[in-house]
Amino acid sequence: MRGTVPVGRVAGVRIGLHWSVLGIVVLVAAGLAVYQLPLAFPGHSSLGYAVAGVAAAVLLVASLLAHELAHAIVALRNGVAVEGITLWLLGGIARLRGEARSPGADLRISIVGPATSAAVGVVFGALAWGAARSDASDLIVGVLSYLALLNLVLAVFNLVPAAPLDGGRVLRAALWRWRGDRFKAAVWSARAGLGLGYLLIAAGFAQLITQGAAGLWWVLLGLFITNVAFAEERQARVGLALAGVRVRDVMSHPVEAVDGRLTVGDFLIRERGHASFPVLLEDGSVGGLVSLRRVRSLAAHDRPTTALRDAACPMDRVPTAAPDEPLAAVLPRLSESTDGRILVFDDSRLVGIVSPSDISRTVVAHGLEVALPATVEREANRKAPPSNWWYPGQPHSR
């Protein structure tokens with residue numbers, strides 16, 4: 001999903017197209033132009049069918065974007081950072097940095113996608129009705145009706161109570177609210193997702209045997225749902241195992257901070273025992289986080305004149321936590337910063353810092369494995385382990 005072509009921003013959210021999104025366009029455009037539209041509305045030219053098919057495919061991709069944008073915008077309004085949106089072969093993904101911090105926020109972020117698809121379906125349905133009433137071309141009516149039906153089906157399918165579908169998130173939020181345990185709720189939602197994925201795979205193979213290649217789509221969708229649901233269950237079980245561990249139990253403290261007025265050149269000359277440092281502003285407040293990797297990436301001729309406060313990752317991009325927060329709830333925030341660190345504040349006072357090595361020692365002590373955010377993995381100054389896994393950090397890195 002990282003190999004995307006950026007196409008701009010909508011409502012401040014980065015939009016990217018994965019190369020596989022062409023699959024949607026080709027499948028929908030060809031299916032409509034070559035088979036469905038000529039059969040349903042005979043008598044038009046090949047060019048007319050082709051234009052109608054392409055238009056339907058493009059509008060379908062736009063509908064998927066509206067669905068994911070709704071998730072992203074509501075997530076932002078509920079305090080969850082959004083990395084961006086990627087449109088790909090099986091639809092779209094809104095990549096959230098972190099998790100909702102309450103069942104209500106989780107519910108709002110989840111339900112708004114299907115609600116948006118339903119609303120888009122109603123709009124296309126109204127347009128189809130209006131086009132039919134105004135004696136527009138039956139091709140236009142057919143395309144609008146097709147988009148209305150497809151968006152309504154998308155809304156209903158996404159409400160199936162199984163992760164990673166939106167309905168699975170709704171189920172998780174409801175169980176979280178009812179039982180008061182987010183991680184147990186996530187486990188049950190993921191198990192439902194595994195069941196749905198296996199069912200889709202079985203149905204797809206049955207369709208492959210009886211109807212040919214038409215079942216391949218369901219097999220691919222089932223495999224995707226199964227893989228994501230398995231990963232979510234694994235992460236939820238980590239949360240259950242770490243339920244009694246608080247941030248204060250793993251954070252490094254006291255924290256060594258650096259003066260933001262210091263130049264990068266002077267900073268690098270001095271011997272440093274850590275990999276990342278909070279940067280203090282003139283008033284004593286924390287203005288950001290600077291890492292050795294970040295400052296070493298500056299050109300040599302800029303180092304003598306660049307202040308650390310200007311080279312640091314700004315605080316609005318540095319994840320934070322409170323000392324008494326559960327460690328499991330904080331883990332997803334590690335991917336919110338390119339420096340892979342969490343600063344711990346007690347009210348407004350900096351009391352600690354959490355690094356991958358702090359967490360890895362804890363999860364290894366519990367005999368667990370936790371997915372390693374890619375941003376943290378790039379931070380490591382040693383041979384990388386298998387992709388996307390935590391591993392024990394060096395005792396003195398931070």
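When a residue number appears, it is its place in the shown sequence, counting from 1. Everything quoted here is computed from the prediction, not taken from an experiment.
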Do NZ/NE/NH1/NH2 and the carboxylate oxygens of R95 and E68 come within less than 4.0 Å? no
Going by salt bridge (charged side-chain N to carboxylate O under 4.0 Å, His left out), name the residues that satisfy it together with D259, two or more places apart in sequence or in a different chain. R261
Using modelled atom types and a 3.5 Å cut-off, is there a donor and acceptor pairing between side-chain atoms of S189 and backbone atoms of A185? no
Sequence neighbours excluded, the answer for salt bridge (charged side-chain N to carboxylate O under 4.0 Å, His left out) partners of R133 is none
Using every non-hydrogen atom in the two residues, find where L32 and A56 come nearest and quote the distance to one decimal. CD1-CB, 3.4 Å
Are V82 and I73 grouped together when hydrophobic residues (ILVMFWY) are joined by side-chain heavy atoms under 4.5 angstrom apart? no
Kindly determine whether L343 and L350 satisfy side-chain contact (heavy atoms from CB on, under 4.5 Å), including the steps that lead there. CA-CA 7 Å; L343 294 182; L350 179 64; 4.0 Å; yes
Among Ile, Leu, Val, Met, Phe, Trp and Tyr joined by side-chain contacts under 4.5 Å, find the other residues sharing a cluster with V187 and list them by chain and number. F183, L240
Spacing of L154 atom CG and L149 atom CG [to the nearest 0.5 Å]: 11.0 Å
Extract all donor-acceptor atom pairs below 3.5 Å that involve side chains of residues 321-328 and protein atoms in other chains or at least two apart in sequence.
{"unit_1": "D324", "atom_1": "OD1", "unit_2": "R248", "atom_2": "NE", "d": "2.9"}
{"unit_1": "D324", "atom_1": "OD1", "unit_2": "R248", "atom_2": "NH2", "d": "3.2"}
{"unit_1": "E325", "atom_1": "OE1", "unit_2": "R333", "atom_2": "NH1", "d": "3.4"}
{"unit_1": "E325", "atom_1": "OE1", "unit_2": "R333", "atom_2": "NH2", "d": "2.5"}
{"unit_1": "E325", "atom_1": "OE2", "unit_2": "A322", "atom_2": "N", "d": "2.9"}
{"unit_1": "E325", "atom_1": "OE2", "unit_2": "R333", "atom_2": "NH1", "d": "3.1"}

Assess whether atom CZ of F345 is packed by more than 12 heavy atoms of other residues, nucleotides or ligands within 6.0 Å. yes
Looking at every heavy atom in both F157 and L165, which two are closest together, and how far apart are they? O-CD1, 3.6 Å
Report yes if some heavy atom in the side chain of R294 is under 4.5 Å from a heavy atom in the side chain of C313; otherwise report no. yes
Could you pull out the closest heavy-atom pair between P161 and A192, with the gap in Å? O-CB, 3.4 Å
With a 4.5 Å heavy-atom cut-off, do L175 and K184 have their side chains touching? no
Using a 6.0 Å cut-off, check whether atom CH2 of W217 has over 12 heavy atoms from anything other than its own residue. yes
Check for me whether the distance between the ring centres of F124 and Y146 falls short of 6.0 Å. no
Quick one: CG on L159 to CG on L171, what's the gap to the nearest 0.5 Å? 12.0 Å
V295 vs V290 side-chain heavy atoms within contact, under 4.5 Å: yes
Contact between L87 and V61 at the side-chain level, heavy atoms closer than 4.5 Å - yes or no? yes
For the side chain of Y49 and the backbone of H44, is there at least one donor-acceptor N/O pair under 3.5 Å apart? yes
From CD1 (I93) to NE2 (H18), nearest 0.5 Å: 9.5 Å
Under a 3.5 Å distance rule, please check whether R246 uses its side chain to pair with a backbone N or O of D249 as donor and acceptor. no
Could you state the interatomic distance from CD1 (I15) to CG (L65), rounded to the nearest 0.5 Å? 5.0 Å
Check the pair L76, V13 against side-chain contact (heavy atoms from CB on, under 4.5 Å), reporting the backbone distance first and the verdict last. CA-CA 10 Å; L76 288 171; V13 179; 3.9 Å; yes
Shared ILVMFWY cluster between L22 and V58, side chains joined below 4.5 angstrom? no
T86 OG1 to R14 CZ distance, which is reported to the nearest 0.5 Å: 10.0 Å
If you look at every heavy atom in H71 and A94, which pair is closest and at what distance? CB-CB, 4.2 Å
Between V318 and V255, is there shared hydrophobic-cluster membership here, with clusters defined by ILVMFWY side-chain heavy atoms closer than 4.5 Å? yes
Under 3.5 Å, which donor-acceptor pairs do the side chains of residues 103-117 form with other protein atoms, sequence neighbours left out?
{"unit_1": "D106", "atom_1": "OD1", "unit_2": "R172", "atom_2": "NH2", "d": "2.9"}
{"unit_1": "D106", "atom_1": "OD2", "unit_2": "R172", "atom_2": "NE", "d": "2.9"}
{"unit_1": "D106", "atom_1": "OD2", "unit_2": "R172", "atom_2": "NH2", "d": "3.2"}
{"unit_1": "R108", "atom_1": "NE", "unit_2": "N78", "atom_2": "OD1", "d": "3.1"}
{"unit_1": "R108", "atom_1": "NH2", "unit_2": "N78", "atom_2": "OD1", "d": "2.8"}
{"unit_1": "S110", "atom_1": "OG", "unit_2": "D106", "atom_2": "O", "d": "2.7"}
{"unit_1": "T116", "atom_1": "OG1", "unit_2": "V112", "atom_2": "O", "d": "2.7"}
{"unit_1": "S117", "atom_1": "OG", "unit_2": "H67", "atom_2": "ND1", "d": "2.7"}

Which atom names give the shortest non-hydrogen contact between G91 and I24, and what distance separates them? N-CD1, 4.0 Å
Listed pairs under 3.5 Å, donor-acceptor, residues 222-233 side chains, sequence neighbours left out:
{"unit_1": "T226", "atom_1": "OG1", "unit_2": "G222", "atom_2": "O", "d": "2.7"}
{"unit_1": "N227", "atom_1": "ND2", "unit_2": "L223", "atom_2": "O", "d": "3.2"}
{"unit_1": "E232", "atom_1": "OE1", "unit_2": "R169", "atom_2": "NH1", "d": "2.7"}
{"unit_1": "E232", "atom_1": "OE2", "unit_2": "R169", "atom_2": "NH1", "d": "2.8"}
{"unit_1": "E232", "atom_1": "OE2", "unit_2": "R169", "atom_2": "NH2", "d": "2.7"}
{"unit_1": "E233", "atom_1": "OE2", "unit_2": "R237", "atom_2": "NE", "d": "3.3"}
{"unit_1": "E233", "atom_1": "OE2", "unit_2": "R237", "atom_2": "NH2", "d": "3.2"}

Considering residues, nucleotides and ligands other than W218, do more than 12 of their heavy atoms fall under 6.0 Å from its CH2? no
Heavy-atom count check: over 12 atoms from other residues, nucleotides or ligands less than 6.0 Å from F205 CZ? no
Between R303 (side chain only) and R296 (backbone N and O only), is there a donor and an acceptor less than 3.5 Å apart? yes
Side chains of I342 and I353 in contact at under 4.5 Å (non-hydrogen atoms): no
pair L60-V25: side-chain heavy atoms closer than 4.5 Å: no
If hydrophobic clusters are built by linking Ile, Leu, Val, Met, Phe, Trp and Tyr wherever their side-chain heavy atoms come under 4.5 Å apart, do V120 and V28 end up in the same one? yes
Derivation of the side-chain contact (heavy atoms from CB on, under 4.5 Å) call for L89 and V21: CA-CA 5 Å; L89 177 64; V21 77; over 6 Å; no
Quick one: does R309's side chain get under 4.5 Å of V279's, heavy atoms only? yes
With distance as the sole test, does H274 use its side chain to make a donor-acceptor pair with the main-chain N or O of S276 at under 3.5 Å? no
R349 backbone acceptor or donor facing D346 side chain under 3.5 Å: no
At their closest point, which heavy atom of L216 faces which heavy atom of L208, and how far apart are they? N-CD2, 3.7 Å
Quick check against the 3.5 Å criterion: does D266 have a side-chain atom that pairs as donor or acceptor with the backbone of T263? no
Nearest 0.5 angstrom please: M251 CE to R341 CZ, how far? 16.0 Å
With hydrophobic residues grouped by side-chain heavy-atom distances under 4.5 Å, do L64 and V7 end up in a single group? yes
Should F277 and L308 be marked as a side-chain contact (heavy atoms from CB on, under 4.5 Å) after you check the CA-CA gap, both sets of side-chain angles, and the distance that decides it? CA-CA 10 Å; F277 300 83; L308 284 179; over 6 Å; no
